[in-house]
Amino acid sequence: MTPLLANLNPEQLAAVTLPHVSALILAGAGSGKTRVLTTRIAWLIATGQASPLAILAVTFTNKAAREMATRLSTLTHANTRGMWIGTFHGLCNRMLRAHYRDAELPQLFQIMDTADQLALIKRLYRAHALDEERYPPRQLQWFIADSKEAGLRPNAVEAGDDFARAQVEHYALYEAMCRREGVVDFAELLLRSYELLSGHDAIREHYRRRFSHLLVDEFQDTNVLQYKWLRLLAGERTAVFAVGDDDQSIYAFRGANVANMQHFERDFAAPDQPVRLIKLEQNYRSHGTILDAANALIRHNRSRLGKNLWTSEGKGEPARVFAAPSDVDEAAFVVDIVRNLADEGVPLSEIALLYRSNAQSRVLEHALFGAGLPYRVYGGMRFFERQEVKHALAYLRLVAAPGDDGALLRVVNFPPRGIGARSLEQLQDHARGAGTTLWQAACGGVVGGRSGSSIGAFVRLVEKLRQEAGALPLPQAIEHVIEHSGLAAHYANEKEGQDRLENLQELVNAAENFLRESLVAASAPGGAADAADEGATDPLTAFLAHAALEAGETQAAEGASALQLMTVHSAKGLEFHTVFITGLEEGLFPHENSLNEFAGVEEERRLMYVAITRARRRLYLSYAQTRMLHGQTRYHVASRFLDELPKELLQWLSPQRRRAVDVDESEWGALPAAAPGYAQATPPAPAWRVGQNVRHAKFGVGVIVGAEGRGSDARVQVNFRDAGVKWLALEYAKLEAA
DNA sequence: AAATGTGGAATTTTT
DNA sequence: TTCCACATTT
């Protein structure tokens, strides 16, 4: 056995060494998914079955793509640069740059992020006097993304009613606007690439011949269009290696289609070769109890391919459950336990505090701050989304492609240079009348008066920047633009402009890094051949695409050991020694909105499954009976997910003044106390909960749809089959389970 | 053009 | 409650 294949378990080995067939790898949490994916590629190359040029590996995030590339470079001596490894969007961008004419795009098309897109839609509304009240811009944005991700152009969208017809019309106007300005949104990269392949036999055949192996990470997260793209790219002789976990599908709300996993076997089978299915169920991350809990929970989902995680390690400790009277008490509990873990020597960075929604971090942060515990919150502003960076990028976009009206509007009067709303109004009117971009209108000098001269000065500024920056290497060009656009001086005068200036310097550094990496890629053997059949893109446009496609780290400072606070969604793919899952309340987790969504609770349950499987050694589950939400105190019952966990895996805790005296001598009795000040408790009696069927003497049968209050104030809202929705005080209404 | 006020909404998120 | 977008003021 070669070292490459050493220490693989039988299933992993089978997956890595599959013959040239398409395969679906059902890879459970912590089953070594990334390792299998990268080792598969390394093995294909090492055994001479595939050249690096014949491999395309696609992921969802840049982080995953980078990780794959990094691991690969340690696994194989062959150069990995000729490979197409990247995100769906990154690879589509690459393809569209290479075939921009056939794709009917301008050579220097610019990529809009979601914020740019919304700004464009708002301009569209103003230009066509569309009704923002009746058709909220955000809704149109969603509609467009949705349509594109289904592979539908405006002429193909079916509109059943007037509202939908209006949206389709707006969609068409939006497309015309994008075309005129030479910009594309994220979904457009996918759709355009798909159309390029479907509409040009020669191009499609070229890529089909070239890529003998397509490898897909996080396959459960693919949307309809991504699936169609993969099908198109996969020829008769292409082996597609799709790795995913249907139980970890938590992005249906943004178009992910788990059904792709079910369809895969049907759609990717070769005439003589059925799709191979391999399950990776051995988990290398967690102790047994954690996996048992996860397995038991996810068994409550009806639609699954079916999978059970196991480990050769011991069962470990029970999951500790804490019912806090309030959100503040819950946070205090977390602080108590964390202090204790820290004393035990668990690094803070190995402890994660998870919650369903970002708003929940506040109370936790407050308690941690008060306790002097360092923490890091994930989510929030990313580097390339900062306003000063956006401004600098807008100047650069104007320099690269002046037809970009969004970029022009962003900086035409920033720093302020006396171009007010009136002159812009005029400029926009002229552009609209002549059917040109703002830049063209501005160059035409059609706008008279004083404002015209300011706009003329702006045009001259941008052209000067283009001339001067064009002669410089990318980082210096960016530095030049920051300096001579007036951005630097503007922020230097601003009270809190120091951070912004630093970020602008950081942008120059980012360009340096970017340039260095692309030089390595181009100089690598194979890289050159690759570039030849693609047609090179100029460094500035490439960097701007990079900035749009990779928003950058959320938080710059990785820094010292700190607690990790994040939503369950952003915890996917990570692991920690200890995990706290907080806010386990009906209405929060599962979120109340999910109760009305199709298959919503199942997705919430998968989310809970993801949360549980992040823990290696210890798991704390907590909920608060009272919580401040939207400025009001809300009362919640414990999450149904707690009920769905086998009680023998749980150890309920209650605060104690004295050391525990009434510790139940169950099988966990001998295990270490959860923390000083907390002792084992008996679980609370099952409470009425949302979703439960009940019977009332007078109103008949119904289902609980809401609950609030505690003790003698407790009330439930019941939707009766015959009597409608009613609030009932539990103290008086004699409800029974039905 | 900045500063201040008001109303409404308030899962989850990558590219 | 808190944040955001938008409107009005200064």
Side-chain angles (χ1 to χ4, degrees), chain A residues 58-65 86-94 111-119 122 132-133 136-138 142 145 148-149 184-191 193 217-218 221-223 225-226 249-256 327 354-363 366 378-382 384-385 413-422 490 494-495 545-554 566-573 583 585 587-597 600-601 603-604 606-608 610-611 627-634:
Chain A
V58 62
T59 63
F60 275 86
T61 64
N62 293 295
K63 192 176 160 205
T87 63
F88 279 100
H89 295 83
L91 297 180
C92 287
N93 176 51
R94 187 170 178 177
I111 302 167
M112 293 184 286
D113 67 16
T114 337
D116 299 331
Q117 187 191 22
L118 188 63
K122 288 186 175 171
E132 289 208 25
E133 301 279 289
R138 282 191 184 279
W142 174 85
K148 288 188 180 183
E149 281 167 10
V184 301
D185 62 46
F186 287 136
E188 184 70 24
L189 290 170
L190 262 301
L191 181 52
S193 170
D217 189 21
E218 305 280 16
D221 288 338
T222 50
N223 63 34
L225 183 55
Q226 287 159 339
S249 163
I250 56 173
Y251 286 111
F253 72 92
R254 66 173 198 216
D327 48 355
L354 307 186
Y355 34 80
R356 176 64 178 80
S357 60
N358 291 110
Q360 289 166 248
S361 75
R362 183 164 252 100
V363 185
H366 184 79
Y378 282 70
M381 191 63 75
R382 334 259 299 278
F384 287 108
E385 289 167 353
N413 197 36
F414 193 95
R417 46 174 73 90
I419 300 179
R422 280 185 318 284
H490 176 83
E494 212 178 49
K495 288 190 295 286
H546 168 80
L549 292 176
E550 164 136 44
E553 290 293 312
T554 299
M566 64 190 87
T567 63
V568 181
H569 280 94
S570 31
K572 191 178 163 211
E585 295 135 46
L588 255 193
F589 198 4
H591 196 278
E592 52 198 351
N593 295 358
S594 73
L595 304 178
N596 310 316
E597 287 163 15
V601 176
E603 174 138 327
E604 295 286 307
R606 290 193 292 270
L607 202 47
M608 180 67 181
V610 167
R627 183 180 293 277
M628 205 53 151
L629 217 57
H630 310 327
Q632 283 182 324
T633 304
R634 298 237 319 213

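This is a predicted model, so every value here is computed, not measured.
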Could A:Arg634 and A:Glu585 be called an ion pair, given the rule that one side-chain N must be under 4.0 Å from one carboxylate O?
no
Base, sugar-phosphate alone, or nothing: which one does A:Glu597 contact when heavy atoms must sit under 4.0 Å apart?
base
Report which part of the nucleic acid A:Asp113 touches: base, sugar-phosphate, or nothing (heavy-atom distance under 4.0 Å, all strands).
nothing
What closest approach, in Å, do A:Phe589 and A:Glu604 show between heavy atoms, and which atom pair accounts for it?
CE1-O, 3.5 Å
Does any nucleotide pair with B:dT11 by Watson-Crick or G-U wobble geometry, both distances under 3.5 Å, and what is it?
none
Is A:His630 stacked on the base of B:dA9 when the test is centres under 5.5 angstrom and planes under 30 degrees?
no
What integer number of Å spans the C1' atoms of C:dC6 and B:dT11?
24 Å
Carboxylate-amine/guanidinium proximity below 4.0 Å for A:Asp113 and A:Arg382
no
Describe the nucleic acid contact of A:Asp185 in one word from base, sugar-phosphate, nothing, applying a heavy-atom distance below 4.0 Å.
nothing
Base, sugar-phosphate, or nothing: which does A:Glu604 touch, judged by heavy atoms less than 4.0 Å apart?
base
Has the side chain of A:Thr61 got a donor or acceptor that lies under 3.5 Å from a partner of the other kind on the base of B:dT15?
no
Syn or anti for B:dT11 (syn when the glycosidic angle lies within 90° of 0)
syn
Side-chain atoms of A:Ser570 come closest, of B:dT15, B:dT12, B:dT13, to B:dT13
